[in-house]
Amino acid sequence: MARSVLITGCSSGIGHDAAHALAARGWRVFATCRKDADCARLRGEGLESFPLDYASEESIAAAVDEALSRTGGTLDALYNNGAFGCPGAVEDLPRDALREIFETNLFGVHDLTRRVIPAMRAQGHGRIVNCSSVLGLVPLKWRGAYSATKYALEGLTDTLRLEMRDTPIRVILIEPGPVTSKIRVNSIPHFERWIDWTASARADQYRTSLLQRLYEDRGRDRFELPPSAVSRKLVHALEARHPRPRYFVTTPTYLMNIARRVLPTPALDWLIDKG
């Protein structure tokens, strides 16, 4: 029987590439998305796809039930990839904006993970891979909400990894830096919904900094890699006999991981601020 994996956030970018990469390697891929239209498109691409919305407990439960019903109760791997951003200065983030992003980027990931662990325990093996970010290692101005969810995901994942050491379930982090995706475009509705930037004490900074980066397509970042770079690390995380606890993707992630360990905080702040 083919090994099975459930992947979230497969409508585009990292999740889309991962679904096709693993399917090409013989995995049975359950490629999930929030929207029915995206699921239909993925089915047209030859993937098994059904909805999963991290913000909905009912959607998560239904998706897990669907995956397990299709395999007879087993699931070899879970790749928690789906997430979104809500750009804005921390002082301008309403409480409900943080609540919304945590519901998807952390609470939904946790809920889904808890629901697949019993099947993995019963079958005697499993891999849980969580997609974090370089922003789970170091912060970046205007990205406080997203970074907070990724810092929290790092802590939750590290703890789960320690707790699962007495089981055959392996827990792994993938930490990409700049990767080609739609996260910038997809974050615009959240910014427009929650951030009243014209009333902010930082309105001039929004005009000269964030708005330009958010609304203008400036092409690829200097160190940007395609989603396939993440998929290559994912393959190793899922197929290696002894997977690493962490996989870094892109030069900035490697550099920031070193910098945060060796530099004093003021020096690290200066380096990040210089970009």
Asker: Would you compute the distance between atom CZ of Arg222 and atom OG1 of Thr250 and round it to the nearest 0.5 angstrom?
Answerer: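 Between Arg222 CZ and Thr250 OG1, I get 12.0 Å after rounding to 0.5 Å.
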Asker: Identify, with sequence neighbours excluded, every residue that meets side chain to side chain contact (heavy atoms under 4.5 Å, CB included) alongside Ala55.
Answerer: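 With sequence neighbours excluded, Ala55 shows a side chain to side chain contact (heavy atoms under 4.5 Å, CB included) to Asp53, Thr104, given in chain and number order.
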Asker: Can you check whether Ser4 reaches Trp27 side chain to side chain, under 4.5 Å on heavy atoms?
Answerer: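 No, every pair of side-chain atoms sits at 4.5 Å or beyond.
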Asker: Are the side chain of Lys233 and the backbone N or O of Phe248 linked by a donor-acceptor pair below 3.5 Å?
Answerer: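 Between the backbone of Phe248 and the side chain of Lys233 there is a qualifying donor-acceptor contact (under 3.5 Å).
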Asker: Indicate whether the side chain of Tyr79 and that of Asn130 have a donor and an acceptor atom separated by less than 3.5 Å.
Answerer: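 No, no side-chain donor-acceptor contact under 3.5 Å.
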Asker: Does the side chain of Asn80 pick up a donor-acceptor pair with the side chain of Tyr54 at under 3.5 Å?
Answerer: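 Yes - a donor-acceptor pair under 3.5 Å links their side chains.
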Asker: If only atom types and distance count, is the side chain of Glu103 paired as donor or acceptor with the main-chain N or O of Gly108 below 3.5 Å?
Answerer: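 Not at all, since once roles are kept as given, no pair shorter than 3.5 Å links the two residues.
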Asker: Starting from Leu263, can I reach Ile272 by hopping between I/L/V/M/F/W/Y residues whose side chains sit under 4.5 Å apart?
Answerer: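 Both belong to a single hydrophobic cluster.
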Asker: Does the distance from a Lys or Arg side-chain N to an Asp or Glu carboxylate O, for Glu175 and Lys150, drop under 4.0 Å?
Answerer: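 The answer is no: the pair does not qualify as a salt bridge.
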Asker: Work out which heavy atom in Ala63 is nearest to a heavy atom in Pro51; give both atom names and the distance.
Answerer: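 In this case the closest contact between Ala63 and Pro51 is CB-O, 3.6 Å.
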Asker: Considering only NZ, NE, NH1 and NH2 on the basic side and carboxylate oxygens on the acidic side, decide whether Asp158 and Arg246 come within less than 4.0 Å.
Answerer: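 Yes, charged N to carboxylate O under 4.0 Å.
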Asker: Does Arg34 use its side chain to pair, donor to acceptor, with the backbone of Gly9 at less than 3.5 Å?
Answerer: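 No, the answer is negative, given that no donor and acceptor are paired below the 3.5 Å cut-off.
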Asker: Determine yes or no for a side-chain-to-main-chain donor-acceptor pair under 3.5 angstrom, with Thr8 supplying the side chain and Asn81 the backbone.
Answerer: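 Indeed, once roles are kept as given, a pair shorter than 3.5 Å links the two residues.
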Asker: Do Ser132 and Glu154 meet the criterion of a side-chain donor-acceptor pair at a distance under 3.5 Å?
Answerer: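 On atom types as modelled, these side chains qualify, holding a pair under 3.5 Å.
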Asker: Would you say the side chain of Arg184 lies within less than 4.5 Å of the side chain of Arg213, judging by non-hydrogen atoms?
Answerer: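 Not touching, per the 4.5 Å side-chain cut-off.
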Asker: Treating Ile, Leu, Val, Met, Phe, Trp and Tyr as nodes and any side-chain heavy-atom pair under 4.5 angstrom as an edge, say whether Ile174 and Tyr254 lie in one connected cluster.
Answerer: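 No, separate clusters.
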Asker: Do Arg170 side-chain atoms and Leu238 backbone N/O form a donor-acceptor pair below 3.5 Å?
Answerer: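 Flag not set: sc Arg170 to bb Leu238 has no pair under 3.5 Å.
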Asker: Can you check whether Leu47's main-chain N or O pairs, donor with acceptor, with Glu45's side chain at less than 3.5 Å?
Answerer: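 Between the backbone of Leu47 and the side chain of Glu45 there is no qualifying donor-acceptor contact (under 3.5 Å).
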Asker: How far apart are the closest heavy atoms of Ala19 and Ala31, and which atoms are they?
Answerer: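 Shortest heavy-atom contact: CB-CB, 4.0 Å.
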Asker: Would you mind checking if Arg25 and Glu239 are paired as a salt bridge, meaning a charged N to carboxylate O distance below 4.0 Å?
Answerer: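 Looking at Arg25 together with Glu239, the answer is yes, because their closest N to O distance falls below 4.0 Å.
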Asker: Can you check whether Thr32 reaches Ile7 side chain to side chain, under 4.5 Å on heavy atoms?
Answerer: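 Result no, sub-4.5 Å side-chain heavy-atom pair not found.
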Asker: What heavy-atom pair brings Ser49 and Arg43 nearest, and what distance separates the two atoms?
Answerer: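 Reported closest heavy-atom pair: O-NH1, 2.8 Å.
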Asker: Determine the minimum heavy-atom distance between Ala2 and Asp76, stating which atoms define it.
Answerer: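 Nearest heavy atoms, Ala2 then Asp76: O-OD2, 4.2 Å.
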Asker: If hydrophobic clusters are built by linking Ile, Leu, Val, Met, Phe, Trp and Tyr wherever their side-chain heavy atoms come under 4.5 Å apart, do Val249 and Phe223 end up in the same one?
Answerer: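 In one cluster with Val249: Phe223, no.
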Asker: Tell me if the CD atom of Glu57 is crowded by more than 12 foreign heavy atoms within 6.0 Å.
Answerer: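 Open.
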Asker: Can you check whether Val109 reaches Leu106 side chain to side chain, under 4.5 Å on heavy atoms?
Answerer: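 With C-beta onward as the side chain, the pair stays apart.
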Asker: Between Arg115 and Asp111, is the closest basic N to carboxylate O distance under 4.0 Å?
Answerer: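 Arg115 and Asp111: salt-bridged.
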Asker: Within a radius of less than 6.0 Å around CZ of Arg260, do more than 12 heavy atoms belonging to other residues, nucleotides or ligands occur?
Answerer: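 Yes, enclosed.
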Asker: Is Arg220 atom CZ crowded by more than 12 heavy atoms from other residues, nucleotides or ligands, each under 6.0 Å away?
Answerer: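 Yes, enclosed.
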Asker: Please report the C-alpha distance between Arg28 and Glu48 in whole Å, then the side-chain angles of each, then the deciding distance to 0.1 Å, and finally whether the side-chain contact (heavy atoms from CB on, under 4.5 Å) criterion is met.
Answerer: CA-CA 8 Å; Arg28 185 176 185 184; Glu48 293 185 65; 2.6 Å; yes
Asker: When you group the ILVMFWY residues by side-chain heavy-atom contacts below 4.5 Å and let the links chain together, are Tyr146 and Ile14 in the same group?
Answerer: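 As far as the 4.5 Å side-chain criterion goes, Tyr146 and Ile14 are not connected within one cluster.
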Asker: What heavy-atom pair brings Pro243 and Arg127 nearest, and what distance separates the two atoms?
Answerer: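 The pair with the smallest heavy-atom distance is CG-NH1, 3.6 Å.
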Asker: Could you state whether Leu6 and Met164 fall into the same hydrophobic cluster, counting links through intermediate Ile, Leu, Val, Met, Phe, Trp or Tyr residues with side-chain heavy atoms under 4.5 angstrom apart?
Answerer: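 Yes; tracing contacts between hydrophobic side chains, which count when under 4.5 Å, links both residues.
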Asker: Report the distance from atom CE of Met120 to atom OG1 of Thr113, rounding to the nearest 0.5 Å.
Answerer: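 Between atom CE of Met120 and atom OG1 of Thr113 there are 8.5 Å.
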Asker: Using a 4.5 Å cut-off on heavy atoms from C-beta on, say whether the side chain of Glu58 contacts that of Ser56.
Answerer: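 The answer is yes; the side chains approach within 4.5 Å.
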Asker: Kindly indicate whether the side chain of Leu68, heavy atoms from C-beta on, has any atom under 4.5 Å from the side chain of Thr74.
Answerer: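 Sidechains of Thr74 and Leu68: no contact.
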Asker: With a 4.0 Å cut-off, would you call Arg202 and Asp92 a salt bridge?
Answerer: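 The answer is no: the pair does not qualify as a salt bridge.
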Asker: Val179 vs Glu224, test: side-chain contact (heavy atoms from CB on, under 4.5 Å). Steps then yes/no.
Answerer: CA-CA 5 Å; Val179 171; Glu224 184 175 312; 5.7 Å; no
Asker: Using a 3.5 Å distance criterion without hydrogens, assess whether the side chain of Ser147 forms a donor-acceptor pair with backbone atoms of Arg143.
Answerer: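 Judged by distance alone, no pair lies under 3.5 Å.
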Asker: Does the side chain of Asp17 pick up a donor-acceptor pair with the side chain of Ser228 at under 3.5 Å?
Answerer: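 Note: Asp17 and Ser228 side chains miss the donor-acceptor criterion.
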Asker: Compute whether any side-chain donor of one residue and acceptor of the other, for Trp197 and Gln205, lie under 3.5 angstrom apart.
Answerer: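 No, Gln205 and Trp197 have no side-chain donor paired with an acceptor closer than 3.5 Å.
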Asker: List the steps and the verdict of side-chain contact (heavy atoms from CB on, under 4.5 Å) for Arg41 and Lys35.
Answerer: CA-CA 10 Å; Arg41 173 171 53 83; Lys35 298 179 181 179; over 6 Å; no
Asker: Please state whether the rings of Phe191 and Tyr206 are parallel, tilted or perpendicular, taking 30° and 60° as the class boundaries.
Answerer: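 Correct class here is tilted.
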Asker: Between Ile117 and Leu160, is the side-chain contact (heavy atoms from CB on, under 4.5 Å) condition met? List the steps.
Answerer: CA-CA 11 Å; Ile117 285 175; Leu160 182 62; 4.2 Å; yes
Asker: Which of parallel (below 30°), tilted (30 to 60°) and perpendicular (above 60°) describes Phe102 and Phe107?
Answerer: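 It falls in the tilted class, 30° to 60°.
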Asker: In Å, rounded to the nearest 0.5 Å, how long is the span from CD1 of Ile258 to CE of Met256?
Answerer: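 The CD1 atom of Ile258 sits 9.5 Å away from the CE atom of Met256.
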Asker: Can you tell me how far the CG atom of Leu153 sits from the CG atom of Asn105, to the nearest 0.5 Å?
Answerer: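 One gets 8.5 Å once the value is rounded to the nearest 0.5 Å.
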Asker: Quick check for you: to the nearest 0.5 Å, what is the distance between Thr251 atom OG1 and Leu225 atom CG?
Answerer: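 Taking OG1 in Thr251 and CG in Leu225, the distance rounds to 7.0 Å.
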Asker: Considering all heavy atoms of both residues, which atom of Asn186 and which atom of His190 are nearest to each other, and what is their separation?
Answerer: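 Taking every non-hydrogen atom into account, O-CD2, 3.3 Å.
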Asker: Going by ring-ring contact (aromatic ring centres under 6.0 Å, His included), name the residues that satisfy it together with Phe30, two or more places apart in sequence or in a different chain.
Answerer: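 Phe30 satisfies ring-ring contact (aromatic ring centres under 6.0 Å, His included) with Phe50 only.
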Asker: With a 4.5 Å limit on heavy-atom distance, are the side chains of Leu78 and Val5 in contact?
Answerer: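 Sidechains of Val5 and Leu78: no contact.
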Asker: From Leu93 CG over to Trp194 CH2, what is the distance, rounded to the nearest 0.5 angstrom?
Answerer: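 Answer rounded to 0.5 Å: 10.5 Å.
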Asker: Consider only side-chain N and O atoms of Arg161 and Thr157, and report whether a donor and an acceptor are under 3.5 Å apart.
Answerer: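 Side-chain D/A pair, Arg161 to Thr157: absent.
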Asker: Just by modelled atom types, is the Pro87 backbone N or O under 3.5 Å from a matching donor or acceptor in the Ser187 side chain?
Answerer: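 The answer is no, because no donor-acceptor pair under 3.5 Å joins these two groups.
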Asker: Is there a donor-acceptor pair closer than 3.5 Å between any side-chain N or O of Ser181 and the backbone N or O of Gly13?
Answerer: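 Side chain of Ser181 to backbone of Gly13, a donor-acceptor pair under 3.5 Å: no, none is there.
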Asker: Check whether any side-chain heavy atom of Val138 lies under 4.5 Å from a side-chain heavy atom of Val134, and answer yes or no.
Answerer: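 They are in contact (side-chain heavy atoms under 4.5 Å apart), so the answer is yes.
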